[in-house]
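Written below as structure tokens is the structure these notes are about.
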Amino acid sequence: MPDPFDPLTIGQMSIPNRFMRSATWDSTATDDGEVTDDSVRIIRGLAEGGVGLIVTGYAYVSDEGKAAGRQYGISHDRHVAGMRRLAQAAHDHGARIAVQIAHGGLNLGLLSKKEGVALAPSEIEGHRWPHRAMTGDEVWGLVAAFAAAAARVKEAGFDAVQLHGAHGYLISQFLSPLMNKRTDEWGGSPENRRRFAVEALKAVRKAVGADYPVMVKIGLRDRADGGLTLDEGLAALKALTDAGLDAVEISTGFGGRSAAERPEAPEHVYFRDDAVAARRAVDIPLMLVGGIRRFETAREIIKSGDADMVSLARPLIRESSLIARWRDGDRAPAKCLSCNKCFSFGMRGEPLECGEEYRLRQEAAAGGAADA
């Protein structure tokens, strides 16, 4: 039976352990998507902290697909030099690193702050953001944008690329009957709704070559009535695997609110049932994210075979050295409270950090001032 600290190989990538940092918007890029010193600091801390595979936060493949402020860009060749700094920071400390490439589609919070019209699979009546349905040529243009972005990821020295097919972003929108009302080759039947994901993956594979690891983060079903069903999600995953997918991270689709949940005691691992279903459907390495806060839970997931890697996000915002702590014998649960106060920093345009740690520092500083 594998152990969480056993290595794992995906394609040509050898990962030193089974712990993965799930892609997380860290609010450190410039307004133009360029890497900053804060970006490098975060990646270095995760690598020093023992994470085996780091996946960067959302990197937009084309400028209109940027979903929030201070996100990474991978839409232009000028982004490559900065992104190379992130790859080097991870490699310097023994970690492997991938870039998550994405397009927001209709899921663009930025539209509340500036004028613009989102490109979407379909027009959705009553939706709060201005948007329009893409033409067929525009859809193919975005397939090409994913491929070009993946080529830049490889050029920048990353070990793998991950397509974002979850959380209601563009690929997730094409998969969902709630968001995809098209009647052409890109919509209607489940086969047509998954066509964008499959064509994007095929184009990415062609751009990076046969041996370069290509992964997908996918929501196997929507958390909304009338949305993508688990059977449809599994069929999409099978089609992606047939198209050359190397590994998959299981998450949620449109309507999911995993980051709003708080793990229970004993933990509720949000998508474990979906991971078990995926394990039966495809034979590729599988990552499981959502609600994992205890080493014992992570070890049981790996040893059971339900997943090959355990993926964490919020716990590593509070404790970038969590994995090293567990490795060195301190198996106390992660300190993360799942309070989501970390995201409030990003909303203010500041690098993400743990809100609880910030509060404790402020209280300590106030106490020190009073003592003085």
Side-chain angles (χ1 to χ4, degrees), residues 10-17 19-63 65-103 145-164 204 207-209 212-215 217 311-313 316-317 319-324 342 345-346 349-353:
I10 298 175
Q12 64 183 15
M13 175 173 58
S14 179
I15 307 167
N17 61 49
F19 288 102
M20 170 177 162
R21 188 265 204 157
S22 195
T24 307
W25 168 60
D26 57 31
S27 184
T28 64
T30 68
D31 289 340
D32 293 326
E34 298 283 358
V35 164
T36 66
D37 290 345
D38 281 330
S39 310
V40 176
R41 172 183 56 80
I42 287 174
I43 297 301
R44 182 184 299 116
L46 291 164
E48 290 177 336
V51 178
L53 174 61
I54 302 165
V55 185
T56 69
Y58 183 118
Y60 50 88
V61 301
S62 58
D63 292 350
K66 181 180 179 181
R70 305 198 70 185
Q71 283 181 332
Y72 297 122
I74 197 68
S75 51
H76 299 282
D77 291 344
R78 61 177 169 79
H79 289 130
V80 171
M83 295 297 276
R84 188 174 287 121
R85 295 178 64 199
L86 299 186
Q88 190 63 52
H91 293 159
D92 284 347
H93 299 281
R96 300 295 175 261
I97 186 167
V99 178
Q100 184 187 79
I101 59 175
H103 188 289
F146 271 90
R152 295 184 189 105
V153 168
K154 184 178 181 181
E155 181 184 353
F158 289 85
D159 301 289
V161 65
Q162 183 191 67
L163 283 70
H164 196 349
V204 164
V208 299
Y212 191 77
V214 178
M215 308 182 294
K217 184 172 189 173
S311 190
L312 308 169
L316 296 173
I317 295 174
E319 293 179 90
S320 61
S321 60
L322 173 63
I323 306 308
C342 48
F345 292 91
E350 302 172 17
L352 256 63
E353 63 173 301

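A quick note: this is a predicted structure, and the numbers were derived from the prediction, not measured.
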If you take all heavy atoms of [X] and [Y], which pair is closest and at what distance?
X      : Y      : result
Ala89  : Ala47  : O-CB, 4.1 Å
Ala313 : Thr24  : CB-OG1, 3.4 Å
Thr28  : Pro351 : CG2-CB, 3.8 Å
Val204 : Phe146 : CG2-O, 3.7 Å
Ile54  : Val51  : CG1-CG1, 3.9 Å
Ala23  : Gln100 : CB-NE2, 3.2 Å

With side chain to side chain contact (heavy atoms under 4.5 Å, CB included) as the criterion, how do Ile317 and Arg21 come out once you've worked through the C-alpha distance, each side chain's angles and the decisive distance to 0.1 Å? CA-CA 10 Å; Ile317 295 174; Arg21 188 265 204 157; over 6 Å; no

Please report the C-alpha distance between Leu53 and Met215 in whole Å, then the side-chain angles of each, then the deciding distance to 0.1 Å, and finally whether the side chain to side chain contact (heavy atoms under 4.5 Å, CB included) criterion is met. CA-CA 12 Å; Leu53 174 61; Met215 308 182 294; 4.3 Å; yes

Return yes if some donor-acceptor pair links the side-chain N/O of [X] with the main-chain N/O of [Y] below 3.5 Å, else return no.
X      : Y     : answer
Arg70  : Thr30 : no
Trp25  : Gly69 : yes
Asp159 : Ala98 : no

Any salt bridge between Glu34 and Arg78, counting N to O under 4.0 Å?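 Looking at Glu34 and Arg78, the cut-off is met.
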
Side-chain ion pair, Asp77 and Arg152, N-O less than 4.0 Å: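 Salt bridge: yes.
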
Any non-hydrogen side-chain atom of [X] less than 4.5 Å from a side-chain atom of [Y]?
X      : Y      : result
Ser320 : Glu48  : no
Met83  : Ile74  : yes
Arg85  : Asp37  : yes
Gln71  : Ser27  : no
Thr56  : Phe158 : yes
Met20  : Val55  : yes
Arg96  : Ile10  : no
Ile323 : Leu312 : yes

Working to the nearest 0.5 Å, report the span between [atom1] of [X] and [atom2] of [Y].
X     : Y     : atom1 : atom2 : answer
Ile42 : Leu86 : CD1   : CG    : 9.5 Å
Leu46 : Phe19 : CG    : CZ    : 14.0 Å
Arg44 : Gln88 : CZ    : CD    : 10.5 Å

Between [X] and [Y], a side-chain donor and acceptor under 3.5 Å:
X     : Y     : result
Ser75 : Lys66 : no
Asp26 : Tyr72 : yes
His76 : Asp32 : no

Would you sort out whether Ser62 and His103 count as a side chain to side chain contact (heavy atoms under 4.5 Å, CB included), showing the intermediate values? CA-CA 7 Å; Ser62 58; His103 188 289; 3.2 Å; yes

Given His164 and Ile101, is the side chain to side chain contact (heavy atoms under 4.5 Å, CB included) satisfied, shown in steps? CA-CA 6 Å; His164 196 349; Ile101 59 175; over 6 Å; no

Decide if atom CG of Asp31 counts as having more than 12 heavy atoms of other residues, nucleotides or ligands within a radius under 6.0 Å.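 Check fails, neighbour count at 12 or below.
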
Stepwise side chain to side chain donor-acceptor pair (under 3.5 Å) check, Ser22 with Lys217: CA-CA 9 Å; Ser22 195; Lys217 184 172 189 173; 2.9 Å; yes

